[in-house]
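Worksheet for the structure shown next.
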Amino acid sequence: MIACHECDTLHRKPRLASCRSARCACCGATLYRNAASQLDRISAITVAALVMFIIAQSFPIIELDANGILSTSSLFGAIAVLWRDDMQIIAAMVFCATVLFPLTEMLALLYVLLPVRRGVIPPGFTRVLRTIQFVRPWGMLEVFMLGVLITIVKMVSLARVIPETALFAFGALTLMFTVVATFDARLLWDIADALRDAARDTSRAHDQHAQRNNPLPEPPQ
Ligand SMILES: [Zn+2]
């Protein structure tokens, strides 16, 4: 059974064909979508976001040209400057919100998504899902992106600002991460329960089959 999150109407929960979604009969709100198509979509976006994350961290974000003096700035460079300028707490917060927590969320999601798509529950499944739920509110890529854009607008009057590779990568990453963040981890609990039930049914059927076959004596030759 499943309750509508809008009007609390109870519905029986049928299995859905791929690319289908179940809607409430009373208010029309989407109750849930087909799990397999959702897992494929989120896995693909998470892999793409991870690639974008590596590009965003590896290249400079902007290049400043102030009267012929060129300087580039990357995220790690900015964190290192904060650390050197006795702002270790801010440097640690920026590192956690823009590097550590988003990376942890992506790796943890892939760790559970890829085996679950093949019908396998990975070791430490529950702990990894709890980790995702813990780090999710603390990843603040969109806040960082907003800060970078405001800084660029303010710097334009002081120097020529040239956008670099990582700026576009951060923009794409922010959009992808927004989609990843909409993924409800409860779906994985449901799938894991269904997989455990299926495994229990299979082993029970196997035991019954073995019991039925073993007491029979060998037919005489
Ligand atoms: Zn409803």
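Model, not experiment: these values are computed from the prediction.
- Within the 4.5 Å cutoff, no side-chain heavy atoms of M155 are placed close to those of I152.
- Inter-residue side-chain proximity for I2 and L10 is flagged as unmet; no heavy-atom pair is nearer than 4.5 Å.
- Note on V180: it clusters hydrophobically with L107, by side-chain heavy-atom contacts below 4.5 Å among ILVMFWY residues.
- Follow the hydrophobic side-chain contacts under 4.5 Å out from L75 and you reach L100 in the same cluster.
- Residues P60 and S73 form no side-chain contact, since every pair of their non-hydrogen atoms from C-beta on lies 4.5 Å or further apart.
- Taking a 6.0 Å sphere around CG of L158, one finds it holds more than 12 heavy atoms contributed by other residues, nucleotides or ligands.
- In this view, R160 and D65 satisfy the salt bridge (Lys or Arg N to Asp or Glu O under 4.0 Å) rule, not counting sequence neighbours.
- Within the structure, the side-chain hydrogen bond (donor to acceptor under 3.5 Å, both in side chains) test picks out the following pairs touching residues 97-120 (sequence neighbours left out): D40-R117, E105-R136.
- D8 meets the salt bridge (Lys or Arg N to Asp or Glu O under 4.0 Å) test with no other residue; sequence neighbours excluded.
- R200 and D197 are joined by a salt bridge, as a carboxylate oxygen and a charged side-chain nitrogen come within less than 4.0 angstrom of each other.
- Both V47 and L113 are assigned to one and the same hydrophobic cluster, defined by single-linkage of ILVMFWY side chains at heavy-atom distances under 4.5 Å.
- Classification of the F76-F95 ring pair by plane angle, with boundaries at 30° and 60°, yields tilted.
- Side-chain atoms of L110 and L50, non-hydrogen and from C-beta on, do get closer than 4.5 Å to each other.
- Between L39 and I191, the closest side-chain pair of non-hydrogen atoms falls below 4.5 Å.
- The salt bridge (Lys or Arg N to Asp or Glu O under 4.0 Å) test applied to R196 returns D193, not counting sequence neighbours.
- Taking the ring-ring contact (aromatic ring centres under 6.0 Å, His included) definition, one finds that F170 meets it with F144, sequence neighbours left out.
- Considering only residues two or more places apart in sequence or on other chains, F59 meets the ring-ring contact (aromatic ring centres under 6.0 Å, His included) condition with none of them.
- At a threshold of 4.5 Å between non-hydrogen side-chain atoms, the residues V94 and I90 count as touching.
- Taking the side chain as every heavy atom from C-beta outward, V116 and F125 approach each other to under 4.5 Å.
- Residue T30 forms a side chain to side chain donor-acceptor pair (under 3.5 Å) with just one option from E6, H5, R23, and that option is R23.
- Enclosure of atom CH2 in W138 is not indicated, since only 12 or fewer non-hydrogen atoms of other residues, nucleotides or ligands lie within 6.0 angstrom.
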